[in-house]
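The structure appears below as structure tokens.
Owing to the predicted nature of the structure, the values given are computational and were not obtained by experimental measurement.
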Amino acid sequence: MTGPLVPFREIVLKVHSRCDLACDHCYVYEHADQSWRTRPKAISDEAISWTAQRLAEHARTHALPSVSVILHGGEPLLAGPARLRRVCEELTSALNGIAALDLRIHTNGLQLSPRYLDLFDEFGVKVGISLDGDRTANDRHRRFADGRTSHPLVLRAVELLRQERYRHLNLGLLCTVDIRNDPHAVFDALAELEPPLIDFLLPHATWDQPPPRPDGSPTAYADWLLAIFDRWREQGRPVPVRFFSSVLSSLSGGPSLTESLGLAPTDLVVVETDGQLEQVDSLKSAYEGAASTGFDVFTHAFDEVAAHPGVRARQLGLAGVSETCRRCPVVRSCGGGLYTHRYRSDSGFDNPSVYCADLEALVRGIEVRTAAETESAAVAEPHELIAAHQDLTRTLLARLHADLDGRGGERWDEAWELVQTLERTEAGTVGLDGVLAHPYTRTWLLDALDAVGDDRPGAGRSATLRLSSSVAAAAVCAGLERDVPVAYREGGIFLPTLGELRIGGPGERGIALVRATDDGFLIRRDGHAAEQRIVRNAAEDSPGWLPVRHVGGDGTPGLLLDDLDPYRDCFGTPVAPRLGQPEADAWSARLAGAWERLTAVVPDQAAEMARSLVALTPLVTGHPVVGQHGYGALGIGGCTDTEELALGLLRGFRRAKLRALADVTDLYALDGAWEHRTPWQEKSVPFSRLLSSTYERVGLGLFDPRFLDGVPQALDTLEAAAETTIDGKQLLAAVRKEISGTHGTSGKNSCKTDFDQETDRPGVRMDD
């Protein structure tokens with residue numbers, strides 16, 4: 001098996017191999033593997049010492065920032081306080097200065113007492129307790145050998161953990177599902193105890209020994225869990241439930257939060273009481289010796305176990321699940337189920353989970369129930385997308401302020417105080433929002449964050465230069481009648497969205513003071529009495545003043561033709577130098593013609609473009625480009641034809657909007673894990689590429705239906721793909737609606753033409 005070695009970050013340390021309960025669903029004592037019978041009851045001092053050494057060695061080798069050790073059994077509290085103290089001391093000492101140690105213990109709680117909890121408090125050991133619900137549910141399996149109930153003793157342990165002095169050690173409750181129990185009664189009993197977390201576990205089963213299904217339903221376990229999910233939501237999600245949180249996370253493009261679900265590689269190893277190193281414990285349900293590796297802590301490093309074929313098989317992610325699972329749209333959420341649950345004696349683990357139907361029903365059930373509340377408003381509402389980007393820019397600015405941590409010096413602090421001043425008035429907030437919404441503000445922030453993070457020389461000064469000029473521009477727009485200091489260098493000041501002013505010669509640097517007036521601003525160099533007056537709509541030949549021009553108006557959107565901003569060079573292709581006035585006038589005329597065509601043919605898209613676009617930056621080449629900037633900018637070449645510019649604007653806007661959506665929400669996950677055939681080309685591409693080209697074609701196709709050839713088939717592929725998140729599905733539904741009869745086409749499959757998909761029109765080449 002290929003691929004990098006995945007280090008272990010979690011160690012299950014068996015400190016005692018016996019138990020004081022006789023649970024009939026226990027995988028250690030009641031399932032296929034009976035190796036517990038030959039193991040010592042308690043872990044030895046030697047095994048403890050070697051485990052600590054091996055773990056420290058492993059953490060040092062892989063530079064792990066932290067490792068988690070779970071004290072387990074049998075019942076780990078049977079090891080006694082003295083032995084548990086020895087374990088904690090050895091591990092803490094060995095990891096000191098190497099990695100943070102997260103110590104936990106999973107217990108049935110029967111032996112828990114203040115004596116144990118005081119010990120755990122000393123070493124920061126978090127405590128998780130097994131409890132299957134109310135007394136009826138818990139007594140179904142968790143009894144003493146003579147049949148007595150354990151429920152009152154477990155509740156006593158939970159109440160002990162709820163005491164103020166021990167509350168910080170409470171890890172939560174683990175509940176094994178039994179569909180014969182009343183799901184509402186189980187959840188209510190657990191939630192009433194106010195645990196920090198509830199973790200529901202499917203009972204261990206395989207295809208050889210399938211789980212009980214009293215009514216024969218293939219989705220009985222999903223139905224049981226969904227009943228709890230509905231109760232959980234009705235009660236306002238009073239306590240986190242790991243199983244549900246994991247599904248919700250993966251549906252939104254995030255990671256799995258539990259080993260039982262998702263495609264994350266395993267990073268866990270088990271140390272038995274005799275020092276044997278084994279794979280995950282649940283494998284004992286499959287067959288005798290399924291968890292064995294043949295290694296032990298006395299003679300083998302953890303890296304040797306990590307390279308074991310059985311461990312590697314559980315680190316392959318998508319490649320490690322069956323072909324059936326690879327083709328299933330919910331595989332990102334269920335991950336093929338727990339590895340143990342895939343076992344069948346004639347085919348090993350190369351199968352879907354024995355809970356396959358349950359997992360699919362559970363994922364789809366949660367998705368249907370939560371789609372409306374988890375969908376991002378930015379996908380459905382253009383104004384919400386703009387607002388989300390404004391929030392993102394402000395977040396980045398706040399992060400830059402925090403990352404600088406004083407390195408910006410007095411000038412940064414002065415500019416930051418002015419930001420707060422502007423936000424105290426409505427006009428100031430509007431002025432600041434206007435500057436922050438300029439797409440190249442994002443380019444500056446990302447560059448500044450990288451520079452500060454890399455500790456580049458002058459990073460603080462450079463960040464201060466742009467912030468002070470941005471604040472000055474905002475103050476001018478807000479009409480703030482006070483002197484705003486602006487740092488300048490090379491004799492020039494650039495005020496974002498306004499223009500560039502020369503106030504000195506090359507190499508000169510210093511501070512200038514900017515003060516707003518009714519029609520522009522006054523500027524003077526610090527320490528100089530002479531002021532220069534700038535009228536915002538002044539002609540370009542005003543001394544030293546180059547304004548950022550506006551193009552459009554009279555029925556066209558008013559856009560900045562930004563050929564000045566020093567951060568506009570972010571498109572990966574050369575930007576044009578400052579345009580002459582005749583060239584700028586020609587741009588404005590062509591834009592008016594293109595906009596007239598767009599408004600006539602695609603009025604909805606034209607209206608959204610008018611609300612969303614902020615700036616056009618001329619490029620040397622003709623194709624529209626989206627770069628590393630905020631929402632609202634397009635780089636576009638000097639188109640000479642109205643139709644060409646209309647299509648170029650449309651294509652560029654679709655690219656910009658999809659990019660903007662991807663900046664604020666996850667439309668897909670695991671991109672590149674699968675490849676998909678494009679209907680318009682004989683090749684397979686990743687999901688992201690098929691989505692982007694399809695999204696562009698829809699926009700162009702509403703202008704010229706020939707571009708819609710193959711789009712319905714592409715949408716079919718995208719909608720059925722495993723990569724799609726809830727927001728991705730929302731976007732695809734909106735795209736499907738765009739090409740329905742509402743927008744001038746006659747249905748899902750009415751767009752086929754003989755049009756050549758590789759048009760040679762400049763500016764709109766579909767170069768996937």
Side-chain angles (χ1 to χ4, degrees), residues 390 393-394 396-398 400-401 404 406-438 440-445 448 458-504 508-538 542-548 560 562 564-567:
Q390 186 76 299
T393 298
R394 284 182 169 273
L396 291 173
L397 180 59
L400 178 60
H401 179 62
L404 277 169
R407 284 179 286 173
E410 180 182 342
R411 293 300 178 190
W412 175 274
D413 293 339
E414 191 173 44
W416 190 256
E417 190 277 329
L418 280 169
V419 169
Q420 317 308 312
T421 299
L422 284 165
E423 292 191 319
R424 294 189 189 107
T425 66
E426 183 177 351
T429 300
V430 170
L432 186 62
D433 282 347
V435 175
L436 293 181
H438 191 53
Y440 303 135
T441 298
R442 179 78 54 77
T443 313
W444 158 63
L445 285 169
R461 289 193 302 274
S462 180
T464 301
L465 185 71
R466 180 71 181 212
L467 180 63
S468 66
S469 63
S470 296
V471 171
V476 169
C477 294
L480 182 65
E481 294 185 358
R482 61 172 283 182
D483 288 338
V484 178
V486 181
Y488 69 90
R489 60 180 60 171
E490 296 300 327
I493 291 176
F494 177 76
L495 300 177
T497 74
L498 297 179
E500 180 179 290
L501 181 65
R502 305 300 305 177
I503 61 173
E508 289 189 35
R509 63 173 59 196
I511 301 296
L513 300 176
V514 174
R515 175 183 288 268
T517 63
D518 291 340
D519 57 359
F521 60 93
L522 298 173
I523 188 165
R524 63 183 172 86
R525 283 195 281 181
D526 195 14
H528 292 67
E531 292 183 329
Q532 184 173 353
R533 180 181 181 85
I534 303 296
V535 178
R536 289 180 61 182
N537 60 357
S542 297
W545 175 242
L546 295 177
V548 175
L560 298 178
D562 201 332
L564 282 175
D565 197 304
Y567 285 93

How many angstroms lie between atom [atom1] of [X] and atom [atom2] of [Y], to the nearest 0.5 angstrom?
X	Y	atom1	atom2	value
Leu522	Leu513	CG	CG	11.0 Å
Phe521	Glu531	CZ	CD	12.0 Å
Asp565	Leu560	CG	CG	10.0 Å
Arg482	Thr421	CZ	OG1	5.5 Å
Trp545	Arg502	CH2	CZ	12.5 Å
Arg515	Leu480	CZ	CG	8.5 Å

Open item on the list: Holding to side chain to side chain donor-acceptor pair (under 3.5 Å), I want the full list of residues that pass it with Glu414, two or more places apart in sequence or in another chain.
Closed with: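 Side chain to side chain donor-acceptor pair (under 3.5 Å) check on Glu414 returns Arg411.
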
Task: Non-neighbouring partners of Glu508 that pass side chain to side chain donor-acceptor pair (under 3.5 Å), sequence neighbours left out - done: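 Applying side chain to side chain donor-acceptor pair (under 3.5 Å) to Glu508 gives Arg525.
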
If every non-hydrogen atom of [X] is compared with every non-hydrogen atom of [Y], which pair is closest and at what distance?
X	Y	answer
Ala475	Ala516	O-CB, 3.8 Å
Ala463	Leu400	CB-CD2, 4.3 Å
Leu422	Ala478	CD2-CB, 4.3 Å
Leu564	Leu546	CD1-O, 3.2 Å
Val476	Gly520	CG1-O, 3.8 Å
Ala472	Val484	CA-CG1, 3.8 Å

Task: Short side-chain donor-acceptor distance under 3.5 Å, Arg466 and Ser469 - done: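 No, because no side-chain N or O of Ser469 sits under 3.5 Å from a partner of the opposite role on Arg466.
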
- [ ] Return yes when atom CD of Glu481 has more than 12 non-hydrogen atoms of other residues, nucleotides or ligands closer than 6.0 Å, and no otherwise.
- [x]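 Result for CD/Glu481: open.
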
Open item on the list: With a sphere of 6.0 Å drawn around CD of Glu426, does it hold more than 12 non-hydrogen atoms of other residues, nucleotides or ligands?
Closed with: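 Counting other residues, nucleotides and ligands, CD of Glu426 stays at 12 neighbours or fewer.
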
Flag the pair [X] / [Y] as yes when at least one side-chain heavy-atom distance between them is below 4.5 Å, and no otherwise.
X	Y	answer
Leu397	Leu467	yes
Val419	His401	no
Cys477	Leu498	yes
Arg407	Trp412	no
Leu418	Pro485	yes
Asp483	Arg524	yes

TODO: Report yes or no: does Thr441 contribute a side-chain atom to a donor-acceptor pair with the main-chain N or O of Val435 at less than 3.5 Å?
DONE: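 Checked: pair present.
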
Open item on the list: Donor-acceptor check, side chain of Thr464 to backbone of Gly408, threshold 3.5 angstrom: yes or no?
Closed with: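 Pair found, side chain donor or acceptor close to backbone of Gly408.
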
Report all side-chain donor-acceptor pairs from residues 486-496 shorter than 3.5 Å, counting only partners two or more places apart or in another chain.
residue, atom, partner, partner atom, Å
Glu490, OE1, Gly507, N, 2.9

Open item on the list: Quick one, Asp433 with Arg394, criterion side chain to side chain contact (heavy atoms under 4.5 Å, CB included). Give me CA distance, side-chain angles, the key distance, then yes/no.
Closed with: CA-CA 9 Å; Asp433 282 347; Arg394 284 182 169 273; 2.7 Å; yes

Task: Geometric class of the Tyr440/His438 ring pair [parallel <30°, tilted 30-60°, perpendicular >60°] - done: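 Rings of His438 and Tyr440: perpendicular, as their planes differ by over 60°.
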
